[in-house]
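Okay, so here's the structure we're looking at.
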Amino acid sequence: MTSSSTPNGHQAAIVTLTMNPALDITTSADQVRPTDKIRCHGVRYDPGGGGINVARIARVLGASVEAVFPAGGMAGDMIVELLKTAGVPLYRVRISGSTRESFTVNERDSGKQYRFVLPGPQLTFAERAQCLDELRRAACSAQFVVASGSLPPGVPADLYQTVADICCDIGVKLVLDTSGCGLLQITSGVFLLKVSVRELRECVGRKLASESEQVAAAQELLQRGLAEAIVVSCGSKGAFLITAGGSQHFSAIKMRSGSGVGAGDAMVAAITVGLSRRWQLAESVRYGLAAGAAMLMTPGTAACTRDDVERLFKLVAEPTNIEVVPR
């Protein structure tokens, strides 16, 4: 069974796919200790999972978006209700299993953060097929598809390559942000690939100790034909943009430390929103850095505000070109 909150005739510029959504639960405690009962202070619930986070931020930034995802059980129901409250158009594929939960505890005494992420439910063949069918339906009139997040247990490792093939077939550009087996099985068809340095290491099987090695590794992936452009996020060191035309470094905005949960998804969302406005890639990446920084100002996995993103966008410096000697 499926359900939708998408208005009749709604055509989204950006469609997101989240194969392993989560109900994000955030709280705080004075200290986190083994064995003892930990008394927590306050709690907030947010709809989570890569593509869902991207859809939420894209909506905040004024983009037309639709989120496609499988969901089951009480956690799945709550994700749907939270998205509806946030005004995010969605298409839910109902599944027999229960959607996972993600639990974050902020320790007040130390400022440390503890994140507990449960495994996702097993999806049946029919449930997986329905997700791809609904993605194709929603994406036929879109500019971009964003596939983001991990794959749940039992889903074929090459599912994101199937998504890339669907996007190529219908002529829509794919933005991909994933890790592990889902990333390693990608061979072609991605317009923009966003990776962290750790994920880049997974792709090439090397340590990549220097920035020069990191950029060279991303260029290697371009030469393999995985993507037309790659953004490497480097946390407080900013980001790299690698295309066939060259490589650029973007400095991060200096911010007071925050939770950082969802910053990568916000970056992907803002980059895609910029591209949907027909901005150049470099300008879109600057917008992405602003959104990632804005997430440091929010509690838990709450969405950043458009005003904060626009204000920080003015502070992101123009990129510098990088010359890398081929390996």
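We use all heavy atoms of the structure for the numbers below, so side chains are in, but hydrogens, waters and symmetry mates are not. Predicted, not measured: the structure shown is a model, and the values here were computed from it.
Applying the ring pair (Phe, Tyr, Trp, His ring centres under 6.0 Å) rule to Phe240 yields the partners His249; only residues at least two apart in sequence or on another chain are considered. Applying the salt bridge (charged side-chain N to carboxylate O under 4.0 Å, His left out) test to Glu202 and every residue at least two apart in sequence or in another chain returns Arg198. Scanning for ring pair (Phe, Tyr, Trp, His ring centres under 6.0 Å) contacts around Tyr45 gives an empty result, with sequence neighbours left out. Listed by chain and number, the residues in a salt bridge (charged side-chain N to carboxylate O under 4.0 Å, His left out) with Arg278 amount to none (sequence neighbours excluded).
Using a cutoff of 4.0 Å between basic side-chain nitrogens and carboxylate oxygens, Glu127 and Arg94 are not scored as salt-bridged. Taking 4.0 Å as the cut-off between side-chain N and carboxylate O, Asp308 and Arg306 do not count as a salt-bridged pair. Looking at Glu220 and Arg206, a side-chain N of the basic residue comes within less than 4.0 Å of a carboxylate O on the acidic one, giving a salt bridge. Salt bridge Glu134/Arg137: present, at least one basic N to carboxylate O contact under 4.0 Å. Remark: Asp77 engages Arg92 in a salt bridge, criterion side-chain N to carboxylate O under 4.0 Å. A salt bridge links Arg33 to Asp36: at least one charged side-chain nitrogen sits closer than 4.0 Å to a carboxylate oxygen.
Atom CZ of Arg56 and atom CG of Leu83 lie 7.5 Å apart (nearest 0.5 Å). Atom OG1 of Thr35 sits about 9.0 Å away from atom CD1 of Ile38, to the nearest 0.5 Å. The CZ atom of Arg108 sits 4.0 Å away from the OG atom of Ser28 when rounded to the nearest 0.5 Å. Of the inter-residue distances, the one linking Leu193 atom CG with Leu226 atom CG reads 7.0 Å to the nearest 0.5 angstrom. Atom CG of Leu200 sits about 13.0 Å away from atom OG of Ser179, to the nearest 0.5 Å. To the nearest 0.5 angstrom, Asn53 atom CG is 15.5 Å from Met267 atom CE.
Within the 4.5 Å cutoff, the side chain of Leu151 has heavy atoms near those of the Tyr160 side chain. At least one side-chain heavy atom of Ser148 sits less than 4.5 Å from a side-chain heavy atom of Asp265. Thr27 has its side chain within reach of Phe103: a pair of non-hydrogen atoms, C-beta onward, lies under 4.5 Å apart. Taking 4.5 Å as the limit, some side-chain heavy atom of Ser233 sits within range of a side-chain heavy atom of Lys194. Counting heavy atoms from C-beta outward, Leu222 and Ile230 have side chains that approach closer than 4.5 Å. Using a 4.5 Å heavy-atom cutoff, the side chains of Leu312 and Met297 are in contact. Using a 4.5 Å heavy-atom cutoff, the side chains of Asp46 and Arg44 are in contact. Proximity of Gln143 to Thr272: side-chain heavy atoms (C-beta onward) are nowhere separated by under 4.5 Å.
In this structure, the side chain of Ser188 does not engage the main chain of Gly225 through any donor-acceptor pair within 3.5 Å. Looking only at distances, a side-chain donor or acceptor of Gln214 sits under 3.5 Å from a matching main-chain atom of Leu208. Side chain of Glu310 to backbone of Asp307: no donor-acceptor contact under 3.5 angstrom is found. Remark: side-chain polar atoms of Thr178 are not paired, donor with acceptor, to backbone N or O of Gly182 under 3.5 angstrom. Side-chain atoms of Gln130 never come within 3.5 Å of backbone atoms of Ala126 as a donor-acceptor pair (strictly under, hydrogens ignored). Using a distance-only test at 3.5 Å, with no hydrogens or angles considered, no donor-acceptor pair links the side chain of Glu81 to the main chain of Met78.
The minimum heavy-atom distance linking Gly72 with Ile95 is given by the pair N-CG1, 3.5 Å. The minimum heavy-atom distance between Ser98 and Gly73, with the atom names listed, is OG-CA, 4.1 Å. Ala303 approaches Val60 most closely through the heavy-atom pair CB-CG2, 4.1 Å. Considering every non-hydrogen atom in both Glu199 and Asp177, the closest pair reads OE1-OD1, 4.4 Å. When all heavy atoms are compared, the tightest approach of Thr99 to Pro70 is OG1-O, 4.3 Å. In plain terms, the two heavy atoms of Ala138 and Glu66 that are nearest each other are CB-OE1, 3.7 Å.
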Practice item. Please lay out, stage by stage, how Val273 and Tyr287 fare under the test side chain to side chain contact (heavy atoms under 4.5 Å, CB included). Key: CA-CA 9 Å; Val273 170; Tyr287 200 47; 4.2 Å; yes
Practice item. Show your working on side chain to side chain contact (heavy atoms under 4.5 Å, CB included) between Leu90 and Lys84 and close with a plain yes or no. Key: CA-CA 8 Å; Leu90 63 92; Lys84 288 180 178 179; 4.1 Å; yes
Review point. What do the steps show when you test Thr187 against Gln161 for side-chain hydrogen bond (donor to acceptor under 3.5 Å, both in side chains), and what is the final call?
Key: CA-CA 7 Å; Thr187 58; Gln161 183 57 54; 3.2 Å; yes
Exercise for review: Please lay out, stage by stage, how Thr243 and Gln248 fare under the test side chain to side chain contact (heavy atoms under 4.5 Å, CB included).
Suggested key: CA-CA 9 Å; Thr243 67; Gln248 296 175 303; over 6 Å; no
Exercise for review: Begin from the C-alpha positions of Leu221 and Cys203 and carry the test side chain to side chain contact (heavy atoms under 4.5 Å, CB included) through to its verdict.
Suggested key: CA-CA 8 Å; Leu221 297 184; Cys203 284; 4.0 Å; yes
Practice item. Please test Asp169 against Arg136 for salt bridge (Lys or Arg N to Asp or Glu O under 4.0 Å), starting from the C-alpha separation and ending with a verdict. Key: CA-CA 10 Å; Asp169 184 46; Arg136 180 184 287 271; 2.8 Å; yes
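Within 6.0 Å of atom CZ in Phe125, 12 or fewer heavy atoms from other residues, nucleotides or ligands are found, so the atom counts as exposed in its surroundings.
Under the 4.5 Å side-chain heavy-atom criterion for grouping Ile, Leu, Val, Met, Phe, Trp and Tyr, Phe313 is connected to Leu281 within one hydrophobic cluster. When the side chains of ILVMFWY residues are joined at heavy-atom separations under 4.5 Å, either directly or via intervening members, Leu184 and Val232 end up in two distinct hydrophobic clusters. In the hydrophobic clustering of this structure, Leu132 groups with Val145; members are Ile, Leu, Val, Met, Phe, Trp, Tyr whose side-chain heavy atoms approach within less than 4.5 Å, directly or through other members. By the criterion of side-chain heavy atoms lying less than 4.5 angstrom apart, applied directly or through intervening Ile, Leu, Val, Met, Phe, Trp or Tyr residues, Val117 is not grouped with Val43; the two fall into different hydrophobic clusters. No continuous path of hydrophobic side-chain contacts links Leu118 to Phe69 [ILVMFWY only; heavy atoms under 4.5 Å].
The stretch residues 14-23 participates, sequence neighbours left out, in no salt bridge (Lys or Arg N to Asp or Glu O under 4.0 Å) pair at all.
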Show me, pair by pair, the donor-acceptor contacts under 3.5 angstrom made by side chains of residues 14-25, not counting sequence neighbours?
unit_1, atom_1, unit_2, atom_2, d
Thr16, OG1, Gly51, O, 3.1
Thr18, OG1, Gly51, N, 3.2
Thr18, OG1, Ile52, N, 2.8
Asn20, ND2, Ser150, OG, 3.2

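Counted by atom type alone, Gln113 and Arg115 present one or more donor-acceptor pairs between their side chains at under 3.5 Å. Side-chain polar atoms of Gln223 and Gln219 form no donor-acceptor pair below 3.5 angstrom.
Taking the six-membered ring for Trp and thresholds of 30 and 60 degrees, Phe191 and Phe144 have ring planes inclined between 30 and 60 degrees apart.
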